[in-house]
> 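This is the structure I have questions about; it appears just below.
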Amino acid sequence: MATIQAPRGTQDVFGKEMTKWHALEDLVRDLCFVYGYDEIRTPQFEHTEVFKRENDSSDVVNKEMYTFIDRGERSLTLRPEGTAGLIRAYVENKLYTSVDLPRKFYYIGPCFRYERPQKGRMRIHHQFGIEVVGEKSPLIDAEVIQLGVDFLARVGLKDTKVLINTLGDKESRIAYRDALKTHFEPSLSELCPDCQRRFIQNPLRILDCKVDAGHPALTSAPNIHDYLNEESVDYFATVCRVLGDSNIEIEVSDRLVRGLDYYSHTVFEVVSVNKEMGSQATIFGGGRYDELVEYFGGPAHSGIGFGMGIERLLVALDAEGIDISVDEPIDVYVMNLGKEVLESSFQFASMCRAAGYRTELDYTGRAFKTQFKSVDRKGAKVVVMVGENELKEGKVALKNIATQEQVTVKIDELVHQLDHWLDENHVCEADQQGE
RNA sequence: GCGAUCGUGGCGAAGUUGGUUAACGCACCGGAUUGUGGUUCCGGCAUUUCGCGGGUUCGAGCCCCGUCGGUCGCCCCA
């Protein structure tokens with residue numbers, strides 16, 4: 001019978017790899033705590049219309065969604081990204097009524113996209129994301145980018161670049177959009193089929209096209225920055241200035257438009273420039289959205305956020321030779337000196353664990369040599385050796401691996417001896433008496 | 001969705017003019033040494049099995065077809 005494999009584009013995470021995830025998750029919590037962001041957990045599937053909005057031209061929404069019918073008639077979709085569901089929750093729970101706006105959230109969890117898998121591109125991938133909703137200020141845009149950059153710095157990533165651009169407000173965007181339409185119309189038939197579709201749905205995205213990248217119509221295309229109204233120019237200038245004053249290097253890229261259609265004003269993408277990275281180099285990306293909250297039936301609140309791919313971050317760390325995995329050695333290994341003492345050793349292990357020591361034991365009375373190998377592999381600091389002779393006298397032997405020191409103590413002194421060897425903060429009775 | 005390439009034990013990997021007992025290394029297990037290891041030595045470790053399913057052949061891990069999965073590029077994006 002053929003073995004069953006995990007579905008394409010999914011993976012099992014365990015062992016040493018798991019410790020990396022824990023390290024990243026811990027860092028997410030610590031960092032978001034410091035910046036004042038609260039965790040939010042939204043459903044991993046939503047009603048399809050949460051993600052599929054009218055006139056959306058993005059592939060994520062149109063080609064890559066896992067959509068299914070839930071028994072009856074409701075069409076549900078496994079979330080392909082984090083923002084839409086969060087905004088739905090923001091409106092549904094009336095979080096906009098908070099006296100303290102903006103609301104600042106972070107989330108971490110799986111996203112699902114039906115794509116051709118590649119390194120750094122999975123059908124189930126995990127995103128750490130943040131969103132700030134309910135207040136609009138260039139300082140918030142700067143803070144969001146700063147948090148992401150800070151995160152990468154704390155992880156130790158170095159070969160990164162911050163790309164930033166603005167799409168301007170609605171007025172600017174419409175003006176630019178019209179200019180683009182006028183510009184591309186004459187040469188439309190020479191552009192790729194995707195671009196012909198984009199022309200209708202979202203002409204901005206033609207600028208991003210790799211197929212037509214060299215086409216004269218693209219190279220001569222009007223620049224967004226020539227169509228921004230004063231307010232949009234000021235807004236973007238402030239974002240860039242604040243980032244600059246915070247020593248965050250940015251590169252303005254006037255062709256950066258991003259994949260989701262709901263963006264306005266600031267958009268950004270942080271990419272790895274490491275040569276080992278392959279073609280999936282974006283570690284996190286996001287932008288501001290002015291109309292999403294209203295779309296979901298809330299007030300005209302603006303928001304901004306990013307999504308960061310954990311798997312992709314892991315690839316980037318690997319590319320830079322950064323190992324964030326941690327060894328988790330045990331404190332105590334309980335050895336059996338003979339099969340007769342198996343059940344007694346179980347009780348000793350219980351005692352050690354009750355005292356808070358990370359403890360393993362030999363379950364089957366294997367050869368001593370083998371048990372000692374386990375001791376080494378697991379990095380145990382103390383071995384409890386359970387033998388019949390000592391047991392008869394109500395004692396047990398303990399060996400300190402580091403010093404090779406071995407003592408035999410009464411059973412009720414076992415934990416005391418462990419404290420003596422293992423607990424750095426432990427104060428011996430002798431010391432106390434000496435005070 | 002398009003193109004290319006790969007898929008041998010827990011891991012790393014040999015293995016083409018198709019002909020057997022499928023190398024070797026690491027890891028693991030046992031013994032020398034059933035009460036004290038990390039060295040050494042000895043032995044065991046894919047017991048129709050080479051991702052899976054068909055086909056060609058007297059005979060296939062090596063050839064053909066299909067399928068599943070990985071990887072790379074395109075595309076897309078986290």
Side-chain angles (χ1 to χ4, degrees), chain A residues 1-11 15 57-65 79-83 107-129 148 152 192-195 198 205 208-213 256-260 267-272 276-286 305-316 333 335-341 362 364-380 383-391 396-399 401 404 406 408:
Chain A
M1 140 132 174
T3 54
I4 300 174
Q5 299 169 294
R8 177 166 225 199
T10 69
Q11 63 179 345
S57 68
S58 69
D59 283 1
V60 170
V61 171
N62 290 300
K63 300 183 191 168
E64 301 173 357
M65 298 210 299
R79 69 172 177 213
E81 50 115 359
T83 303
Y107 59 86
I108 182 164
C111 294
F112 310 81
R113 293 183 193 175
Y114 186 85
E115 294 186 277
R116 186 87 175 258
Q118 229 173 85
K119 185 165 63 174
R121 184 215 266 172
M122 308 290 288
R123 287 184 173 180
I124 298 181
H125 73 280
H126 295 74
Q127 283 191 27
F128 154 45
L152 297 188
C192 76
D194 274 335
C195 281
R198 291 171 182 135
R205 303 213 63 223
D208 225 7
C209 182
K210 313 295 188 293
V211 176
D212 294 323
L256 179 68
V257 299
R258 303 282 308 152
L260 287 320
V267 291
F268 55 91
E269 214 165 90
V270 174
V271 300
S272 170
E276 311 282 306
M277 269 307 277
S279 55
Q280 314 302 326
T282 301
I283 298 168
F284 73 90
F306 68 68
M308 181 183 295
I310 301 295
E311 285 84 351
R312 207 168 273 186
L313 175 60
L314 255 10
V315 171
Y333 190 93
M335 255 180 79
N336 291 296
L337 304 182
K339 289 188 192 299
E340 307 75 20
V341 300
D362 171 67
T364 56
R366 302 126 83 208
F368 305 131
K369 179 175 178 171
T370 306
Q371 292 192 44
F372 266 117
K373 281 195 173 180
S374 286
V375 169
D376 290 335
R377 270 199 302 273
K378 293 172 186 295
V383 175
V384 173
M385 287 182 284
V386 184
E388 261 188 313
N389 299 343
E390 292 85 343
L391 230 41
V396 66
L398 299 183
K399 185 167 187 170
I401 296 299
Q404 290 291 85
Q406 183 167 331
T408 301

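Below, read A as the first sequence line, B as the second, and so on, with proteins coming before strands; counting in each chain starts at 1.
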> Who does B/rG3 pair with, Watson-Crick or G-U, both distances under 3.5 Å?
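Paired with B/rC72.
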> When you measure from the side chain of A/Gln127, which nucleotide among B/rU40, B/rA78, B/rC77 comes out closest?
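Nearest nucleotide to the side chain: B/rA78.
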> Classify the side chain of A/Glu115 and the base of B/rA78 as holding, or not holding, a donor-acceptor pair under 3.5 Å.
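Result: at least one qualifying N/O pair found.
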> Paired with B/rU48 by Watson-Crick or G-U wobble geometry, both distances under 3.5 Å: which nucleotide is it?
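No nucleotide pairs with B/rU48.
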> Does B/rC72 have its OP1 or OP2 closer than 4.0 Å to a side-chain nitrogen or oxygen of A/Lys119?
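A/Lys119 to B/rC72 OP1/OP2: side-chain N or O found under 4.0 Å.
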> Can you tell me the pairing partner of B/rG43 across any strand shown, Watson-Crick or G-U wobble, with both distances under 3.5 angstrom?
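The answer is B/rC29, by the H-bond criterion.
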> Do A/Arg121 and B/rA78 share a donor-acceptor pair, side chain to base, under 3.5 Å?
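No.
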> Tell whether A/Arg312 reaches the base of B/rC77 with its side chain through a donor-acceptor pair below 3.5 angstrom.
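A donor-acceptor contact between them is present.
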> Identify whether NZ of Lys or CZ of Arg in A/Arg79 sits under 6.0 Å from the centre of the six-membered ring of A/Phe112 and within 45° of that ring's axis.
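Geometry flag: not set, cation outside 6.0 Å or 45°.
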> Quiz question: going by heavy-atom distance under 3.5 Å, is there a donor-acceptor pair between the base of B/rG35 and the side chain of A/Gln406?
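In this structure, the two groups form no donor-acceptor pair.
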> Base, sugar-phosphate alone, or nothing: which one does A/Gly148 contact when heavy atoms must sit under 4.0 Å apart?
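Touches nothing.
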> Could you tell me whether A/Leu313 contacts a base, only the sugar-phosphate backbone, or nothing, with contacts defined as non-hydrogen atoms closer than 4.0 Å?
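Counting heavy atoms under 4.0 Å across all strands, no contact is made by A/Leu313.
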> Quick one: on RNA chain B, does A/Lys339 or A/Phe372 contact a more 5' nucleotide (nearest heavy atom)?
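Whichever sits nearer the 5' end wins; that is A/Lys339.
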> Write down the partner of B/rC63 under the Watson-Crick or G-U wobble criteria, each distance required to be under 3.5 Å.
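Looking at the geometry, B/rC63 pairs with B/rG55.
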> Between the protein and nucleotides 65-68 of chain B, which nitrogen or oxygen pairs come in under 3.5 angstrom?
unit_1: B/rC68; atom_1: O2'; unit_2: A/Gln5; atom_2: OE1; d: 2.7

> What is the pairing partner of B/rU20, taking Watson-Crick or G-U wobble pairs with both distances under 3.5 Å in any strand?
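Pair assignment: B/rU20 / none.
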> Under 4.0 Å between a side-chain N or O of A/Thr370 and OP1 or OP2 of B/rC28?
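For B/rC28, OP1/OP2 do not have a side-chain N/O of A/Thr370 under 4.0 Å.
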> Within the structure, does a side-chain N or O atom of A/Arg116 lie under 4.0 Å from either OP1 or OP2 of B/rC75?
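Indeed not, no polar side-chain atom of A/Arg116 lies that close.
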> Check whether the ring centres of A/Phe372 and A/Tyr333 lie less than 6.0 Å apart, and answer yes or no.
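Distance test on ring centres: not under 6.0 Å, no.
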> Please state whether the phosphate of B/rA78, meaning OP1 or OP2, lies under 4.0 angstrom from any side-chain nitrogen or oxygen of A/Thr282.
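No, because none of the side-chain N or O atoms of A/Thr282 sits under 4.0 Å from OP1 or OP2 of B/rA78.
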> Starting at CG of A/Asn336, measure out to CG of A/Asp362 and round the result to the nearest 0.5 Å.
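A/Asn336 atom CG to A/Asp362 atom CG measures 4.5 Å (nearest 0.5 Å).
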